[in-house]
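To start, the structure itself, in structure tokens.
Both ligands and their constituent atoms are indexed starting at 1 by order of listing. Here, residue 1 is the first one in the sequence, and each next residue gets the next number. These numbers were taken from a predicted model, which means no experiment stands behind them.
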Amino acid sequence: MSTPVAGKANPMEDIKSASNYLRGTLAASLHDGATGTIADDDIQVSKFHGIYQQDDRDVREDRRHRMLEPDHSFMVRARVPGGVCTPAQWLALDEIATRWANHSLRLTTRQAFQFHGVLKRDLKTSIRAINTSLLDTIAACGDVNRNVMCSPLPELSGLHRQVYQAAVAVSEHLTPNTSAYHEIWLDREKVAGTVDSEPIYGATYLPRKFKIAFAIPPQNDVDVLAHDLGFIATENDGELTGFNITVGGGMGATHGDPTTYPRLADVIGWCSPKQVTEISQAIVTIQRDHGDRNNRKHARFKYTLEKHGLKWLHTELEQRLGYTPESAKPYVFTGNGDRFGWQQSDNGLWHLLLFTENGRLADTPIASRLTGMREIARIHTGDFRLTPNQNVIIANVEASQKDAIDDLVKRHHLDTYRQLSQLRLHSMACVALPTCPQSMAEAERYLPDLLGKIEDLLELHQLRDQPITIRMTGCPNGCARPYLAEIGLVGKAPGRYNLHLGAAFDGTRLNQMVKENIDEAEILSTLDQIFGDYKRQRQEGEYFGDFLLRTKQALQLELTDNG
Ligand code: SRM
Ligand code: SF4
């Protein structure tokens, strides 16, 4: 296993090593009623339990002036492999959102749920409630394999079932083994004489987070090439035959640090459904043994692969598996967005995909969407699917229930997808302010307004019905996968963004930064000019990103640093 170099070790390695398989002093920290925070090392350890200590950045300065400590609370992330959950689970999560969090449910870009604003005293009750609903939060964050994604695609129900089973099997196989989670949150006694072990991860877990996705072509909604490890399903007559294997994708970067960058995964071969779990374990252990444990900014698998190369990876894989995966098979993707509205599957059931702007479900004066989804969950007999684009599918609806669901959808203004522009339907923003400690600019709270202004431009150029992907993040970490959008806006400072253009509509080509640190006026004037060119010069059926690449329009734009 790779070991931190003496004198260069990153402190997180020590914290993991000293945590005794993720216990740290978390139990004592939770017990301490004198403060709403937890001990510094426990902040790191608690991430593996699906929890982030945060503070409300909207009031941070004001409180500092008034000599008050920050307004602390916790973000809790519930893991939902493949994004599939039952109506009973939805109701349980809704209750946590309304009783202990900030009255909103946040659907994430990895098909999971987030709660914001949970106080320390309510953490245990919330996490127990999540577990009672048969979901959990372990490994939702931390240096382990995260929530495994899977194209929801209910309309191909037979194929989806097989791929989803593979995704769940990998998720279960790579879930940490430690009993710390059950002891701390569920008050389960450690069985006397037992010793914890992590056969896959070891005592210091992975050098960094690790992410896996399963795509079912022609949908690339999971952005499979953005993942450390990906599986692209191949099929014959609707029956799963196997998976193309992709490795070394990732989005995160740091402004001004060229040694960090988004990277698209390489396709390295093909495997049968039976081989998926052992291949996942092999790749995870290669990263465990060879990932960079000194520099966390350089510790993702994409950098391990860049350092050692694909030939090395194939040798490592063969040594661990005892065989070489077969050659990759052809596949075609058509888009990385969602397809809204009702669809029927081969088994006669119906599925309704609803737009959920930036994944936030809350009740507002305009629409009672959180209440609406709760009422739907009360009568729904199928399941829910969170999409990788922060939207939700009411899946497996009996024909007899369709009208009742439609009534609730209309009553609670959940049917906005009917009126919205294609741009908005293909938009995503990360959480950013006020909860995310890393954010440099707004995202979730700002993108809806900005989109209104961009929509005016599209109207002007008669492009409102043109699907264009647009994604915004408050910093370069890439949580809304902005580098895979035809238009990417990456936060640089309050009100200022880097503009990236030219990714492929199907998520198979990264965009490029064309303007740095620009404000809203410059974003709009730049897009205005390019939309005009696109309208006049595009070829039949040509997507916006492809047009920019063909005409090199994006690349001709001068890089300007207005900072
Ligand atoms: Fe993320 C850190 C939110 C998907 C790359 N991400 C964070 C934190 C926890 C901030 C922090 O470090 O304290 C954010 C919490 C904000 C808040 O207040 O809720 C956060 N990430 C999110 C979510 C909720 C965005 C969203 O709007 O949906 C997504 C939760 C996914 C989930 O359910 O597990 C989320 N994050 C992603 C993705 C997209 C993906 O995985 O498909 C990425 C890019 C893909 C990748 O990992 O390469 C992503 N998040 C990061 C990074 C950069 C990692 C890197 O390699 O450099 C960080 C920072 C870090 O890890 O140090 C980060
Ligand atoms: Fe926070 Fe940056 Fe992720 Fe947005 S991209 S949620 S600002 S870490």
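Formation of a donor-acceptor pair under 3.5 Å by the Thr364 side chain with backbone atoms of Ala367 is found in this model. Using modelled atom types, one side-chain atom of Asn10 and one backbone atom of Arg293 make a donor-acceptor pair closer than 3.5 Å. Between the Asp42 side chain and the Thr25 main chain, a donor and an acceptor come within less than 3.5 Å of each other.
By the side-chain hydrogen bond (donor to acceptor under 3.5 Å, both in side chains) test, Ser439 pairs with Arg57, sequence neighbours left out. With sequence neighbours left out, the side-chain hydrogen bond (donor to acceptor under 3.5 Å, both in side chains) criterion links Asp62 to Arg66.
Asp519 and Tyr497 are not linked by any side-chain donor-acceptor pair at a separation below 3.5 angstrom, with hydrogens and angles left out of the test. Side chains of Asp136 and Asn131: no donor on one and acceptor on the other come within 3.5 Å.
Below the 2.8 Å limit, atom 1 (Fe) of ligand 2 has as protein N, O or S neighbours Cys436 SG.
Within 4.0 Å of ligand 1, protein heavy atoms come from Tyr52, Gln54, Met75, Arg77, Arg106, Thr108, Thr109, Arg110, Ala112, Gln114, His116, Arg208, Lys209, Lys211, Gly250, Met251, Gly252, Arg300, Gln390, Ala429, Cys430, Val431, Thr435, Cys436, Pro437, Gln438, Asn477, Gly478, Cys479, Arg481.
Two rings, from Tyr303 and Tyr261, have their centers less than 6.0 Å apart. Checked against the 6.0 Å centroid criterion, the rings of Trp100 and Phe74 do not qualify as a close aromatic pair.
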